[in-house]
Participant: 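Would you mind keeping the following structure in view while I ask a few things?
Residue indices begin at 1 and follow the sequence shown. What you are looking at is a predicted structure, and each value in this text was computed from that prediction instead of being measured.
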Amino acid sequence: MKNPFSFIKDSSTAKLPFITLLILLATLAGLLLVGYEHFLSPTSEELVKAEKLKMEEDETLLDDPTPIIIDSTDDSETTVASSDQGDSAVSAQQDLEAQKKEAEAEKVPEAESLKNVGGKSHAYTVEKGETFFGIANRFGLKPDQLKALNPGVDPNGIKVGITKLNVKIQTIHTVGPGDVLRVVAEKYGVSKKSLMEVNHKDQDLTLRGEQLIIPLH
């Protein structure tokens, strides 16, 4: 009579080779994994060797440092150029201030210089041989007064026949009958000499209808 539980035995026997195969495959996979990691991972000797090489390189860098050269030529040139420009600006400013001070020192207050100057304004053209100060003296003016009357004129730059100076005079007298120089001078309270000088006369002569400049003094 056949055993009713024989199918269980047959089934277990059939599954045994399959389980064994699974175990073998798992073992093989584990061995392969361990071997692969061992192959990839460096050995302790290699690690020690690499550490020694690194230490030697660090010591070499410390013992023989490579000098770092910084090219400061451009910066120096820029600094020097800036310094030169600054010095030039300061020097120019100082020169300008000095010129202003000189101009202020030479400048004559117009109101003060012309305070006691009366008379009429008259345009006088510079003639040959005349100087700025000579013209001032001829018209009975002080040099400072003539400067104040002509603020835009350089006393050393007047030109014959070109430069016109503003001067002060008493009046213009038209010569009439009997108006010799002495008589005209006495009439206006000036000397005959100054009357002749301001009118460029070297002789005591007058012509009827002639216009004579009468100076302040």
Participant: Below 4.0 angstrom, N of the basic side chain to O of the carboxylate: do Arg182 and Asp204 qualify?
Facilitator: no
Participant: Are Thr163 and Thr125 side-chain neighbours, meaning at least one heavy-atom pair lies under 4.5 Å?
Facilitator: no
Participant: Once the angle between the rings of Phe139 and His122 is folded into 0 to 90°, is it parallel (under 30°), tilted (30 to 60°) or perpendicular (over 60°)?
Facilitator: tilted
Participant: Quick one: CD1 on Ile213 to CD on Gln170, what's the gap to the nearest 0.5 Å?
Facilitator: 12.5 Å
Participant: Would you compute the distance between atom CD of Glu197 and atom CG of Asn137 and round it to the nearest 0.5 angstrom?
Facilitator: 7.5 Å
Participant: Let me confirm one number: the CD-CD1 distance from Glu127 to Ile135, rounded to the nearest 0.5 Å.
Facilitator: 8.5 Å
Participant: Counting C-beta onward and ignoring hydrogens, is there a side-chain heavy-atom pair between Leu195 and Pro215 closer than 4.5 Å?
Facilitator: yes
Participant: How far apart are the closest heavy atoms of Pro151 and Ala148, and which atoms are they?
Facilitator: CD-O, 3.6 Å
Participant: Could you tell me if the side chain of Lys168 sits less than 4.5 Å from the side chain of Gln145, heavy atoms only?
Facilitator: no
Participant: What's the shortest heavy-atom distance between Leu165 and Leu146, and which atoms?
Facilitator: CD1-CD2, 4.5 Å
Participant: Who are the side-chain contact (heavy atoms from CB on, under 4.5 Å) partners of Lys128, not counting sequence neighbours?
Facilitator: Val160
Participant: Could you tell me whether the side chain of Leu141 reaches within less than 4.5 Å of the side chain of Leu216, counting heavy atoms only?
Facilitator: yes
Participant: Compare every heavy atom of Lys164 with every heavy atom of Asn150, then report the nearest pair and how far apart it is.
Facilitator: OD1-O, 4.3 Å
Participant: Measure the OG-NE2 distance between Ser194 and His217 for me, rounded to the nearest 0.5 Å.
Facilitator: 9.5 Å
Participant: Apply side chain to side chain contact (heavy atoms under 4.5 Å, CB included) to Tyr124 and Arg138, showing your working.
Facilitator: CA-CA 12 Å; Tyr124 178 78; Arg138 177 171 294 172; 3.7 Å; yes
Participant: Kindly indicate whether the side chain of Asn199, heavy atoms from C-beta on, has any atom under 4.5 Å from the side chain of Leu181.
Facilitator: no
Participant: Does any part of the side chain of Phe132, heavy atoms only, come nearer than 4.5 Å to the side chain of Asn156, both counted from C-beta?
Facilitator: no
Participant: Answer yes or no: is there an ion pair linking Lys192 with Glu186, defined by an N-O contact shorter than 4.0 Å?
Facilitator: no
Participant: Does atom NZ (Lys142) have a neighbourhood of more than 12 heavy atoms from anything else shown, all under 6.0 Å?
Facilitator: no
Participant: Roughly how far apart are Thr174 OG1 and Leu212 CG, rounded to 0.5 Å?
Facilitator: 8.5 Å
Participant: Can you get from Val190 to Ile172 by hopping between Ile, Leu, Val, Met, Phe, Trp and Tyr side chains that sit under 4.5 Å apart?
Facilitator: no
Participant: Examine Val180 and Val198 and state if one hydrophobic cluster contains both, with Ile, Leu, Val, Met, Phe, Trp and Tyr joined whenever side-chain heavy atoms are less than 4.5 Å apart.
Facilitator: no
Participant: Less than 4.5 Å apart, side chain to side chain, heavy atoms only: is that true for Ile23 and Thr20?
Facilitator: no
Participant: What distance do Met196 atom CE and Leu205 atom CG have between them, rounded to the nearest 0.5 Å?
Facilitator: 8.0 Å
Participant: Check whether any side-chain heavy atom of Val153 sits under 4.5 Å from a side-chain heavy atom of Ile158, and report yes or no.
Facilitator: yes
